[in-house]
Amino acid sequence: RDIIMDMNGNAVELAPHAYFATQISNFGVGVFGYSDVAATAVVSQAHNKLIFKDSNYGGYAEVLSDGSISASNLAAYQGSSVEYAVNNGLTYLNIRAIGIAEVPVAYGHKFDIPGGALMVGGALKYIKAFTYMENVKIDDSDDDTDDKNDNTDSSFGVDLGLAYEPSYVKDLTLAIVAKNLNKPEFSFVDGSNIELKPMVRAGVAYNIFESLEIAADIDLTKNETFISAVKSQMVGGGVSYHPSSWFAIRGGLMTNLDSSDKADMIYTAGFGIGLKWFQVDLSAQMSANTTTVDGTDYPQYAKVNLALISRW
């Protein structure tokens, strides 16, 4: 009972991404696929008693807090039993998922202006969204409440990026990027509309030496996730060391400015290795805080990214 009642509002979120992009001169095109899947426990707080069907007690029996058993009745079972809530869809896992495929066509150009150089880029992208929702019984992963559905919709999006290299500070770059400026909308599986709200991030990078660079960035917008209590507004920074053309290593720190996020500080690290025409880049992120599941500690937040890069 205590385990089930304490589950209410707890959630796990997965966000797998996959992408392919190519650039020729000032033009770029790609295929980007990303998804957000969240399973959130919805527990009826009114059904918090251990009342079960039991013919030995006139049909229903309740296990009391001291461990003793007393007779109960149908009305108490339907109105207060944890078992009744689980078996009748009042206590369940709500699974919500969205998968998005983007095909952007981008163009960028560098302008020499008084005081430095300004780089402007933009992308028009076709977006296809798949949404899914299902309520699953918490006591049997093979059984569900038959309350599930899916839907597919499409739209278009606009991204814009700016970068500035001042002539008075050599090796300094200031940048800002905004995604989904036109707020593309999709029909969600439950009949509601999902709006991809604009996401804006600003960053700065500075080459201390030819082989050593420091960088930092921050989300200027609070970005929504399927876990409604948590927004994503990341701030972070790090150092990249690339002593040769075939090897680079980097590390840093980041955190979510939303106090509802329990991950706390997130450590980041990565390396790239390979020749110019084929390089492998592997990076990872892991939070300092952990959560315990069945006696095993897991990071509150973790992410791994693998990229294959080829330059010609």
Subject >> Donor-acceptor pair between Thr40 and Asn94 side chains, under 3.5 angstrom >> reply: no
Original post:
Is there side-chain contact between Pro184 and Phe156, with heavy atoms separated by less than 4.5 Å?
Top reply: no
Original post:
With distance as the sole test, does Asp54 use its side chain to make a donor-acceptor pair with the main-chain N or O of Asn56 at under 3.5 Å?
Top reply: yes
Original post:
Would you find a donor on one side and an acceptor on the other, under 3.5 Å apart, between the side chain of Asp150 and the backbone of Thr131?
Top reply: no
Original post:
Got a donor-acceptor contact below 3.5 angstrom from the His242 side chain to the Glu213 backbone?
Top reply: no
Subject >> Contacts of Tyr34 that satisfy side chain to side chain contact (heavy atoms under 4.5 Å, CB included) - sequence neighbours left out >> reply: His17, Ile100, Glu102
Subject >> Main-chain N/O of Tyr301 paired to Ser287 side chain as donor or acceptor, under 3.5 Å >> reply: yes
Original post:
Do Leu253 and Met265 come close enough that some side-chain heavy atom pair is under 4.5 Å?
Top reply: yes
Original post:
Would you say Thr268's side chain and Gly251's backbone share a donor-acceptor pair under 3.5 angstrom?
Top reply: no
Subject >> Heavy-atom side-chain proximity of Asn149 to Met133 below 4.5 angstrom >> reply: no
Subject >> Minimal non-hydrogen separation, Val86 against Ile138, with atom names >> reply: CG2-CD1, 4.0 Å
Subject >> Residue list, salt bridge (charged side-chain N to carboxylate O under 4.0 Å, His left out) with Lys49, at least two apart or on another chain >> reply: none
Original post:
Does the Ser81 side chain pair with the main chain of Glu83, one donor and one acceptor, at a distance under 3.5 Å?
Top reply: yes
**OP:** Measure the shortest side-chain to side-chain distance between Lys128 and Phe130 over non-hydrogen atoms and say whether it is less than 4.5 angstrom.
**Re:** no
Original post:
Between Ile127 and Val158, is there a shared hydrophobic cluster once you connect ILVMFWY residues whose side-chain heavy atoms come closer than 4.5 Å?
Top reply: no
Original post:
In terms of hydrophobic clustering (I, L, V, M, F, W, Y; side-chain heavy atoms under 4.5 Å; direct or indirect links), are Val120 and Val204 co-clustered?
Top reply: yes
**OP:** Report, as yes or no, whether the 6.0 Å neighbourhood of atom CD1 on Ile24 holds more than 12 heavy atoms from other residues, nucleotides or ligands.
**Re:** no
Original post:
For Phe27, what are the other residues in its hydrophobic cluster, where any two members join if their side-chain heavy atoms are less than 4.5 angstrom apart?
Top reply: Tyr107
Subject >> Within-4.5 Å side-chain heavy-atom neighbours: Val42 and Thr91 >> reply: no
**OP:** Describe, in one word, how the ring planes of Tyr84 and Tyr77 are oriented to each other, choosing from parallel (under 30°), tilted (30 to 60°) and perpendicular (over 60°).
**Re:** perpendicular
**OP:** Write down the atom of Pro166, the atom of Leu172, and the distance for their closest heavy-atom approach.
**Re:** CD-O, 3.4 Å
**OP:** Answer yes or no: is there a donor N or O on one side and an acceptor on the other, between the side chain of Asp264 and the main chain of Thr255, under 3.5 Å?
**Re:** no
Subject >> Sidechain-backbone polar pair: Asn73 side chain, Ala76 backbone, donor-acceptor under 3.5 Å >> reply: yes
Original post:
Do Val235 and Asp217 have side-chain heavy atoms sitting under 4.5 Å apart?
Top reply: no
Original post:
Looking just at side-chain N and O atoms, do Glu62 and Tyr60 make a donor-acceptor pair shorter than 3.5 Å?
Top reply: no
**OP:** List, by chain and number, the other hydrophobic cluster members for Val63, where Ile, Leu, Val, Met, Phe, Trp and Tyr join if side-chain heavy atoms come within less than 4.5 Å, directly or indirectly.
**Re:** Leu50, Phe52, Tyr57, Ile69
**OP:** Give a yes or no on whether the backbone of Gly115 and the side-chain of Ser167 come within a donor-acceptor separation of less than 3.5 Å.
**Re:** yes
Subject >> Leu257 side chain near Ile218 side chain, heavy-atom distance below 4.5 Å >> reply: yes
Original post:
If you measure only the distance, is there a donor-acceptor pair under 3.5 Å linking the side chains of Asp219 and Thr221?
Top reply: no
Original post:
Any donor and acceptor pair, going by atom type alone, linking the side chain of Asp171 with main-chain N or O of Tyr206 inside 3.5 Å?
Top reply: no
Subject >> Contacts of type side-chain hydrogen bond (donor to acceptor under 3.5 Å, both in side chains), residue Asp281, not counting sequence neighbours >> reply: Arg250
Subject >> pair Ile266-Met234: side-chain heavy atoms closer than 4.5 Å >> reply: yes
Subject >> Summary of side chain to side chain donor-acceptor pair (under 3.5 Å) pairs that have at least one residue in residues 178-188, sequence neighbours excluded >> reply: Lys125-Asn180
